[in-house]
Amino acid sequence: LVQLVENAKRFIFESKAPATRKAYATAWAGFQTWTKEKGLQALPAKPETVILYLTHLTQLGRKPATLDKILAAISFAHQSQGHPVPKDFYTRQTMQGIRRVVGSKQRQVKPITVEVLRRMVVSLPETLPGARTKALLLLGFAGAFRRSEVVSLNVAGLEFDPRGLICNLARSKVDQEGRGARVAISRGS
């Protein structure tokens, strides 16, 4: 039974991606520090405490998307310790009000264009590392891959075909459970 318990703990731990665990830990530490400074209880927190913290962060210029992540971290910390989530009607109303006042438009990073990609590729040296970088840039662009997906590729996951290339991704940000995806890259110039 001891081994089963350890394996179950590992599965629970692995339910969140490493980046999510790190973000939650940072957000939770910030909440704990703030509550300690204000003489409030972090765990279990009252919904009023969470509302005041969200208001404080908004006054510091934090965006609603960031507040949503912090709220998720606070909720996760409570659930993982067996406490009720300190999120009620007023917490939800506070977030709605913040979105109405501050806005919730996400900053969109513009994708590179073919022209920018050409300039990047042309600027690379005619060396083996330059050729590798060129291949990675072109493959990433053609497959619309995230950085993490490009670096996770290996030769064993590539299938060469007369029509192009098939990239087998073991996992990606949109496929956290590792079902895998096959992405076809057409032959081109």
Side-chain angles (χ1 to χ4, degrees), residues 1-58 60-96 98-99 104 106-109 136 139-140 143-159 166-183:
L1 284 177
V2 172
Q3 187 60 49
L4 285 174
V5 169
E6 289 305 311
N7 288 342
K9 284 181 183 178
R10 191 179 107 243
F11 291 143
I12 292 167
F13 179 76
E14 292 293 336
S15 70
K16 301 289 182 216
T20 302
R21 290 193 302 263
K22 184 177 178 184
Y24 278 11
T26 301
W28 178 245
F31 180 66
Q32 286 181 305
T33 301
W34 183 83
T35 54
K36 189 174 182 180
E37 288 171 0
K38 302 296 180 196
L40 299 168
Q41 189 172 328
L43 192 67
K46 293 180 181 174
E48 301 85 45
T49 301
V50 176
I51 289 169
L52 292 175
Y53 186 58
L54 294 172
T55 303
H56 165 73
L57 293 175
T58 301
L60 292 178
R62 300 302 188 283
K63 303 291 183 209
T66 302
L67 299 180
D68 286 335
K69 292 174 191 170
I70 290 167
L71 201 48
I74 293 169
S75 296
F76 183 78
H78 279 72
Q79 288 174 321
S80 66
Q81 296 298 312
H83 296 287
V85 174
K87 201 159 120 179
D88 64 1
F89 171 79
Y90 295 105
T91 312
R92 288 187 286 279
Q93 292 303 111
T94 301
M95 282 305 301
Q96 276 187 333
I98 290 169
R99 283 189 190 89
S104 57
Q106 292 276 358
R107 181 181 69 91
Q108 286 283 300
V109 178
L136 289 172
L139 183 61
F145 294 135
R146 291 179 164 83
R147 288 178 296 189
S148 59
E149 293 168 339
V150 172
V151 299
S152 73
L153 287 171
N154 60 47
V155 176
L158 303 177
E159 295 175 33
I166 297 171
C167 300
N168 294 295
L169 299 175
R171 168 182 312 272
S172 74
K173 185 175 181 178
V174 296
D175 176 31
Q176 292 292 308
E177 294 181 3
R179 290 186 182 100
R182 292 170 54 87
V183 179

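Just the heavy atoms: all of them, side chains too, but no hydrogens, waters or symmetry mates, feed the values below.
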[Y] and [X], any side-chain heavy atoms less than 4.5 Å apart:
| X | Y | result |
| --- | --- | --- |
| L57 | L67 | yes |
| F89 | P47 | no |
| T20 | F76 | no |
| Y53 | T35 | no |
| P44 | H78 | yes |
| H56 | R62 | no |

Enter the distance from [X]:[atom1] to [Y]:[atom2] here, rounded to the nearest 0.5 Å.
| X | Y | atom1 | atom2 | value |
| --- | --- | --- | --- | --- |
| T49 | K38 | OG1 | NZ | 12.0 Å |
| T55 | L60 | OG1 | CG | 11.0 Å |
| R21 | S15 | CZ | OG | 8.0 Å |
| L136 | R147 | CG | CZ | 14.0 Å |
| D68 | I98 | CG | CD1 | 9.0 Å |
| I51 | M95 | CD1 | CE | 11.0 Å |

Inset, instruction - Apply side chain to side chain contact (heavy atoms under 4.5 Å, CB included) to L139 and V150, showing your working. - result: CA-CA 8 Å; L139 183 61; V150 172; over 6 Å; no
Closest heavy-atom contact between [X] and [Y]?
| X | Y | answer |
| --- | --- | --- |
| W28 | A42 | CH2-O, 3.4 Å |
| R146 | E149 | N-OE1, 2.8 Å |
| L43 | A77 | CD1-O, 4.2 Å |
| A45 | V50 | CB-CG2, 4.3 Å |
| K69 | Y24 | O-CE1, 4.2 Å |
| T91 | P86 | OG1-O, 3.8 Å |

Inset, instruction - Indicate the ring-plane relationship of W34 and F31, choosing parallel, tilted or perpendicular according to the 30° and 60° boundaries. - result: parallel
Inset, instruction - For the pair R182 and C167, evaluate side chain to side chain contact (heavy atoms under 4.5 Å, CB included) and give the outcome as yes or no after the intermediate values. - result: CA-CA 6 Å; R182 292 170 54 87; C167 300; over 6 Å; no
Legend entry - Audit row: L158, N168, side chain to side chain contact (heavy atoms under 4.5 Å, CB included) steps and yes/no: CA-CA 6 Å; L158 303 177; N168 294 295; over 6 Å; no
Inset, instruction - Under the side chain to side chain contact (heavy atoms under 4.5 Å, CB included) rule, collect the residues that match up with P84, sequence neighbours excluded. - result: none
Legend entry - Step-by-step salt bridge (charged side-chain N to carboxylate O under 4.0 Å, His left out) determination, K9 to E14: CA-CA 9 Å; K9 284 181 183 178; E14 292 293 336; over 6 Å; no
